[in-house]
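Here's the structure we're looking at; comments come further down.
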Amino acid sequence: MTISFDDAYTMTINGEPATSNAMFEAFNPASEDVIAMVPAASRAQLDEAVAAAKSAFPAWSNRPIAERQALVARIGEVIEEHAEEFMRLLTREQGKARAGAEWEIFGSVIWCKEIATQVLPVHVVEKTAGRTVETRRVPLGVVGGITPWNFPVLLAIWKIAPALVAGNTMVLKPSPYTPLTTLKLGEVLRDILPAGVLNIVSGGNEVGAWITSHPDISKISFTGSTATGRKIMESCSGNLKRLTLELGGNDPAIVLPDVDIEETAKQLFWAAFQNSAQFCVAAKRVYIHADIYDDLAAALVRYASTIKVGDGSHEGTDLGPIQNRMQFEKLKDLFADIHANNQKFLLGGDIPEGPGYFVPITIVDNPPENSRVVSEEPFGPVLPLLKFTDIDDVVSRANNTEYGLAASVWGKDIATARSVAERIEAGTVWINEIHSFSPHVAFGGHKQSGVGIENSLEGLAEYTNAQTIVTRNDMQAIA
Ligand code: NAD
């Protein structure tokens, strides 16, 4: 099937294209040009999408799992077939440079293919001559997926693949800032999936709220900010929806004194600035042992100075702009606070006027622990470096946050690094590497970084209910 990635963008409702009288603009963040008009779903259209998913559920959930797995693997193949168009469109709407777009699109392909191999085992608790007790997993019904603007395709796939393998149908809403790649995903899958199995609706935050309060939706899988996560949790209470929330983070990196300075500087750079730091698990506070602070800070600045920030579609660009004006303005406000408090910049610090939401790579020298740049999630390329001398002190500073998404510890002495890692309150702690994700490894936040797990069999299980079947086999004995 030939699909143009340059023409109109339509929603997918019950396997059909759907547009709207109400349209909103999508922008290229590198130029601020309007690149498309996007339909805003009406309440009636959202209801139609939920009804389509509901009526597709019995047939889809009754299909043998092998057929559902094959279709989810096929989603991966279709993305691969259109990889070039997806990457170009992703750069145009999200801003990320080529390497980042490749990571996201081919990551999505891998996720589909790998999640398609997963099966939740039946747990046989008792099997005797007279009695069998087993717990199996059954799908929930219609799942509502809501995604953010930093990794629009990959984070949609993290929801679509397990929801569908587990036997659910779905209504998915991308962020209004990055709807285009998700709408195209719906379009390329129209001929692949049975009508109603995957519905894609676009629109503002109100469409998200309609989804989370909808009585015919059984579960919400949400990735986004902690503030929105709280609202969603409240809204889901109406019909006691199941809930997976992947939320914000303020991830600490702790650098012990025995690291290799140059190598660690390079690793820390990407740990912090990948995707222009619009990354829930970016290293957002780097605690460096005082003995190596000056050398490591200098090495980090040297490496950072070689990185090119620019239009992601241009050859040679390493990092793109901030994705949207709302986030750009938030960063301007944070930079103003750093200036107003006379904190010292080791690199960057001044945000140029547009066009384009460009923020320079910025490194701040040992600001106070309670400063905004340390205590908030900046979600942009500004990194505070902080000094420590005592392990107990740095662990307590690392844990002094409402967040608990991820963390990293860097040091040659693995036993020491491990003992620090075990004391960090976070869902993932990497030692001497970072941002290695897998469809088979559980990922989820502690504290206010989330509820539940994505990826792994544990993540797949979140798209199901447990059902225990107790069978009395020795009917003659009863008679
Ligand atoms: P956001 O919470 O503003 O929006 C996310 C999505 O929620 C969008 O689709 C939005 O339209 C929708 N939404 C907004 N209000 C809603 C409501 N009341 N009801 C239902 N839906 C609503 O988040 P964002 O700014 O798009 O994303 C950035 C945040 O996402 C950061 O905090 C980041 O750390 C977090 N994030 C977390 C992970 C993770 O896996 N933990 C991954 C990526 C991003």
Side-chain angles (χ1 to χ4, degrees), residues 24 26 29 38 40-41 46 93-94 96 104 107 111 144-159 171-179 181-183 200-214 217 220-238 241 243-251 274-284 322-331 376-380 401-407 426-428 435 437 441-455 459:
F24 62 98
V38 184
L46 188 263
E93 76 164 340
Q94 205 286 332
K96 64 186 68 188
E104 175 161 357
W111 244 259
I146 301 177
T147 51
W149 44 261
N150 54 349
F151 295 94
V153 181
L154 185 64
L155 295 177
I157 290 297
W158 279 26
K159 303 181 184 323
V171 176
L172 183 103
K173 187 197 86 67
S175 166
Y177 294 117
T178 52
T181 40
T182 315
L183 290 170
I200 309 280
V201 292
S202 43
N205 297 346
E206 69 286 354
V207 181
W210 296 337
I211 292 174
T212 60
S213 58
H214 202 291
I217 291 183
I220 296 296
S221 180
F222 169 78
T223 303
S225 63
T226 295
T228 306
R230 285 194 197 99
K231 288 187 204 158
I232 288 180
M233 199 165 193
E234 210 173 323
S235 166
C236 283
S237 68
K241 286 184 183 64
L243 200 54
T244 303
L245 300 176
E246 294 290 357
L247 308 176
N250 191 0
D251 296 5
Q274 189 67 263
N275 209 41
S276 299
Q278 302 163 112
F279 200 0
C280 53
V281 289
K284 292 176 183 142
I322 292 304
Q323 198 281 324
N324 58 69
R325 175 156 291 281
M326 176 274 299
Q327 189 62 28
F328 185 60
E329 295 297 334
K330 273 194 191 174
L331 284 161
E376 292 181 8
E377 179 190 38
F379 226 61
T401 166
E402 68 182 24
Y403 294 117
L405 192 56
T428 302
H435 303 158
F437 293 96
V441 175
F443 174 73
H446 291 188
K447 301 198 278 189
Q448 293 187 44
S449 284
V451 173
I453 291 292
E454 286 196 291
N455 305 326

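Remember, it's a predicted structure, so these values are computed and weren't measured experimentally. We count ligands from 1, going down the list as the structure has it; atoms in each ligand are counted the same way. In what follows, residues are counted from 1 in the order of the sequence shown.
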Main-chain N/O of [Y] paired to [X] side chain as donor or acceptor, under 3.5 Å:
X: S235; Y: K231; value: no
X: T226; Y: Q448; value: yes
X: S449; Y: G248; value: yes
X: K96; Y: N150; value: yes
X: Q327; Y: P378; value: yes
X: E93; Y: T181; value: yes
X: Q278; Y: Q323; value: yes

Proximity of [X] to ligand 1 by residue part, where a heavy atom lies under 4.0 Å:
X: L405; answer: side chain
X: F222; answer: side chain
X: E377; answer: side chain
X: F443; answer: side chain
X: S235; answer: neither
X: F151; answer: neither
X: I232; answer: side chain

Looking at [X], which atoms of ligand 1 are within less than 4.0 Å of one of its heavy atoms?
X: P174; answer: 9 (O)
X: T228; answer: 1 (P), 2 (O), 3 (O), 13 (N), 14 (C), 15 (N), 16 (C), 17 (C), 22 (C)
X: L155; answer: 42 (C), 43 (C)
X: G208; answer: 19 (N), 20 (C), 21 (N)

Answer yes or no: is there a side-chain heavy-atom contact under 4.5 Å between [X] and [Y]?
X: T223; Y: F151; answer: no
X: I220; Y: I232; answer: yes
X: S202; Y: V207; answer: no

Checklist entry - Under 6.0 Å from the CD atom of E234, do we count more than 12 heavy atoms belonging to anything else shown? => result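 No, the 6.0 Å shell around CD holds no more than 12 heavy atoms from other groups.
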Checklist entry - Without hydrogens or angle criteria, can the side chains of E454 and T244 be said to hold a donor-acceptor pair below 3.5 Å? => result no
Geometry only, no angles: is [X] polar-contacting ligand 1 at N/O separations under 3.5 Å?
X: K173; value: yes
X: N205; value: yes
X: S225; value: yes
X: S449; value: no
X: T147; value: yes

Next on the checklist: Ignoring hydrogens, what is the shortest heavy-atom contact between G144 and I211? Give both atom names and the distance.
Outcome noted: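 Nearest heavy atoms, G144 then I211: CA-CG2, 3.9 Å.
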Checklist entry - Taking all atoms of both residues into account, what is the closest heavy-atom pair of N250 and K284, and its distance? => result OD1-CB, 3.3 Å
Looking only at protein heavy atoms, which one is nearest to [atom], and how far off is it?
atom: atom 19 (N) of ligand 1; result: A209 N, 3.5 Å
atom: atom 36 (N) of ligand 1; result: C280 CB, 3.5 Å
atom: atom 40 (O) of ligand 1; result: E246 CB, 3.3 Å
atom: atom 44 (C) of ligand 1; result: N150 ND2, 3.3 Å
atom: atom 12 (C) of ligand 1; result: I146 CG2, 3.6 Å
atom: atom 37 (C) of ligand 1; result: L247 O, 3.0 Å
atom: atom 33 (C) of ligand 1; result: F379 CE1, 3.3 Å
atom: atom 25 (O) of ligand 1; result: W149 NE1, 2.9 Å

Checklist entry - Out of G224, G248, G229, whose heavy atom is nearest to atom 35 (C) of ligand 1? => result G224
Checklist entry - Are any non-hydrogen protein atoms located under 4.0 Å from atom 4 (O) of ligand 1? => result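 False for atom 4 (O) of ligand 1.
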Item to check | Within the 6.0 Å centroid threshold, strictly below: W111 and F437 | outcome: no
Checklist entry - Of the options W149, F279, F328, which is the one that meets F379 in a ring pair (Phe, Tyr, Trp, His ring centres under 6.0 Å)? => result W149
Next on the checklist: Yes or no: does P176 have any heavy atom under 4.0 Å from an atom of ligand 1?
Outcome noted: yes
